[in-house]
Amino acid sequence: MSVRLRFAPSPTGELHIGSVRTILYNHLFARQRGGRLILRIEDTDQERLVPGAVDSIYAGLHWLGITWDEGPREGGPHAPYVQSERLPLYQKHAQELVAKGAAYYCFCSKERLAELRRQQEARHELTRYDRHCRNIPVAEATARAKAESHVVRLKVPDEGTLSIEDLVHGHIEWQVNTIEDQVLLKSDGFPTYHLAVVVDDHVMGITHIMRGEEWVASVPKHLLIYRAFSWDIPPMAHFPSVLGPDGKKLSKRHGATAVAEFRKDAYLPEALINYLALVGWAPGSEEEIFSMDDLTRLWKIEQVQSSPGKWDKERLDFFNGVWIRRLSVDELVRRLEPFVPADWDRETLKRIVPHIQERMKTLKDAKDQIAFLFTDDITYDPKDLVPAKRDPAGTVEALAKVTVHLRYLEPFIATRIEAALKAVAEEMDWKQGDVNKPVRLAITGRTIGPPLYESLEVLGRDRSLQRIEGAMDALGKANS
RNA sequence: GGCCCGGUCGCCUAGUGGACUAGGGCGCUUCCCUUUCAAGGAAGAGGUCAGGGGUUCGAAUCCCCUCCGGGCUACCA
């Protein structure tokens, strides 16, 4: 039988980078076994819904190259894939649980619950539901439930132990008496997470449950529900969290956390996937540059770490650089599109890109490095034209020689330009760097940038000469 | 507080009783290359494997205790 996995985000905001890692692992597991992947929207908390969240989940996942087979917009044999559209299913199952004696109606008001909690806290007791409604006779409770506001609660047995063999953590065990009579169906008729996951995972034929570690604590409640329905319990894997650099929950304080932000910040999806896969998993070999296909082939759930990892932006940046360098020039130009002004000439862009490819950490870095080709507004302090231990007059002389050599150079290409500037250095008896420094500043307005000779070539003879002469003027004035 | 999960260089990690004088990558330092910056190459610093007890001829690897960190403890997911 082929595997069926699901990822089940809540539409409560932007897609978090930590959830992406979980989704990635689900994806890899399903894909490497030729299984099916299901996207299910868990929107059972009506108060936390954020408009547009589903759109951003779709956008983020598509951008990352994560694919799935069944979902709200794709449809599938178990539609609908949005929990708020499946309410009758959960209500029916809640009633069944009551009928089986595995759950009960509870009529306690929120006020009573709050007061109960307050008293328990005052007495330093465990704060949990006191089972006040647990022993109302079923007939009476059923009758009241028709007219009164109520919830359905799980009837947790008094004793016993529950356990799973987690795919990443191994054996985990709980004493049943540490578990609360959890609400399963809320008074608004919506299920809580606990009821909804169990019902949907079963009904949708999910064969492996893989989710974040924050869910382990609720596993025993789920186990009780499975047991009450006599359903098979799928194997589970709980992936460790991705924490902030300080060991706390990864949040906005630590920088970007939403997939959309990384896209906006000019990261490559390949890099993000590669980096993320390696937080919590390692292949055991010394390779670490992996595409989605590589990962699908190599990733093994047995190798997933059980300890949490920390977010390391420096390392992400490194992977981003690696993936930028792997792109073809044409592809790089395409990826640069959103990060470069629309009116910049694409032919020029294409000519300079090979020379900045290995100088970028993110796609955003390109713009500043090559702006000099697309504007004639170059500014700098003329004093900076003069190399260390040289003087303004000498610098003017050197620049003059440069203009002489470049004026009739044919063809005006990098190799010839290089020879010309070398000749100048020789004539001046200067280090090459001393000749190149003022030229670079003159034509780019910056002290660092793409290789000089190629920069001059792409800039073209006329604009190059103009700028160098401009520099000579500026120096002359500053000097007189 | 209770219940769970975890703890190998600053960070990601390899390691599953002997090849470990604990390996790789990021970051850092130095050097080489060199027209700047990168990229690339080379070298280096950095770890009492959280601490303490065991078990064993032998432990990062198995057991116990302690400490530290994280998650959960809602009519949130």
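Protein chains get the first letters and strands the later ones, always in sequence-line order, with residue 1 at the start of each.
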Which whole number of Å gives the distance between the [atom1] atom of [N] and that of [M]?
N      : M      : atom1 : value
B:rG17 : B:rG25 : P     : 26 Å
B:rC72 : B:rU30 : P     : 44 Å
B:rG53 : B:rG71 : C1'   : 29 Å
B:rC67 : B:rC75 : P     : 32 Å
B:rA19 : B:rU34 : P     : 44 Å
B:rA77 : B:rG58 : C1'   : 49 Å
B:rA22 : B:rU48 : C1'   : 12 Å
B:rU35 : B:rU21 : P     : 46 Å

May I ask you to verify if any side-chain N or O of [X] is less than 4.0 angstrom from the OP1 or OP2 atom of [N]?
X        : N      : result
A:His169 : B:rC4  : no
A:Lys437 : B:rU36 : no
A:Arg153 : B:rC75 : yes
A:Lys186 : B:rA77 : yes
A:Thr44  : B:rA77 : yes
A:Gln175 : B:rG2  : no
A:Arg117 : B:rA74 : yes
A:Lys313 : B:rC26 : no

Output the rounded distance in Å from [atom1] ([X]) to [atom2] ([N]).
X        : N      : atom1 : atom2 : result
A:Leu154 : B:rU73 : CG    : C1'   : 15 Å
A:Asn274 : B:rC26 : CG    : C1'   : 12 Å
A:Gln120 : B:rU73 : CD    : C1'   : 12 Å
A:Gln305 : B:rU16 : CD    : P     : 14 Å
A:Arg128 : B:rC75 : CZ    : P     : 13 Å
A:Glu47  : B:rA74 : CD    : P     : 16 Å
A:Ile370 : B:rA38 : CD1   : P     : 19 Å
A:Lys361 : B:rC37 : NZ    : P     : 15 Å

Does [X] reach a base, just sugar-phosphate, or nothing at all? Heavy atoms under 4.0 Å.
X        : value
A:Phe318 : sugar-phosphate
A:Pro450 : base
A:Asp312 : base
A:Val151 : base
A:Thr12  : nothing
A:Pro191 : sugar-phosphate
A:Phe190 : nothing
A:Gly212 : nothing
A:Gly449 : base
A:Arg446 : nothing
A:Trp311 : nothing
A:Leu126 : base
A:Leu452 : base

Please pick, from [options], the nucleotide with the shortest atom-to-atom distance to any side-chain atom of [X].
X        : options                : answer
A:Glu314 : B:rG23, B:rC26, B:rA74 : B:rC26
A:Glu214 : B:rU36, B:rU73, B:rG71 : B:rG71
A:Arg359 : B:rC12, B:rA38, B:rC76 : B:rA38
A:Glu180 : B:rA74, B:rC4, B:rC11  : B:rA74
A:Trp174 : B:rA77, B:rC4, B:rU35  : B:rC4
A:Glu213 : B:rC26, B:rC3, B:rC5   : B:rC5
A:Tyr453 : B:rC26, B:rG6, B:rU35  : B:rU35

The residue, A:His194 or A:Arg440, whose nearest nucleotide of RNA chain B is more 5′ is A:Arg440

Along RNA chain B (nearest heavy atom to each residue), the more 5'-positioned of A:Pro451 and A:Ser149: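 Nearest-nucleotide comparison on RNA chain B picks A:Pro451.
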
Ion pair present between A:Asp312 and A:Arg315, side-chain N to carboxylate O less than 4.0 angstrom? no

Does either side chain, that of A:Tyr453 or that of A:Asn436, offer a donor lying less than 3.5 Å from an acceptor on the other one? yes

Verify the distance criterion only: is there a donor paired with an acceptor across the side chains of A:Asn320 and A:Thr362 at less than 3.5 Å? no

So [X] and [Y], would you call those rings parallel, tilted or perpendicular, with 30° and 60° as cut-offs?
X        : Y        : result
A:Phe239 : A:Trp299 : perpendicular
A:Tyr275 : A:Phe319 : tilted
A:His222 : A:Tyr193 : tilted

Tell me which nucleotide, if any, is Watson-Crick or G-U wobble paired with [N] when both distances must be under 3.5 Å.
N      : answer
B:rC72 : B:rG2
B:rU35 : none
B:rG46 : none
B:rC67 : B:rG7
B:rA22 : none

Taking all non-hydrogen atoms of both residues into account, name the closest pair between A:His169 and A:His238 and its distance.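 Heavy-atom minimum between the residues: NE2-O, 3.2 Å.
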
Distance to the ring centre below 6.0 angstrom and angle to the axis at most 45 degrees; does that hold for A:Arg153 and A:Tyr129?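 Flagged: A:Arg153 positioned over aromatic ring of A:Tyr129.
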
Establish, yes or no, whether the cationic atom of A:Arg144 lies under 6.0 Å from the six-membered ring centre of A:Phe107 and within 45° of the ring axis. yes

In this structure, NZ of A:Lys92 is separated from CG of A:Leu87 (nearest 0.5 Å) by 14.0 Å

Could you check whether the side chain of A:Ser187 and the base of B:rC75 have a donor-acceptor pair of N or O atoms closer than 3.5 Å, going by distance alone? yes

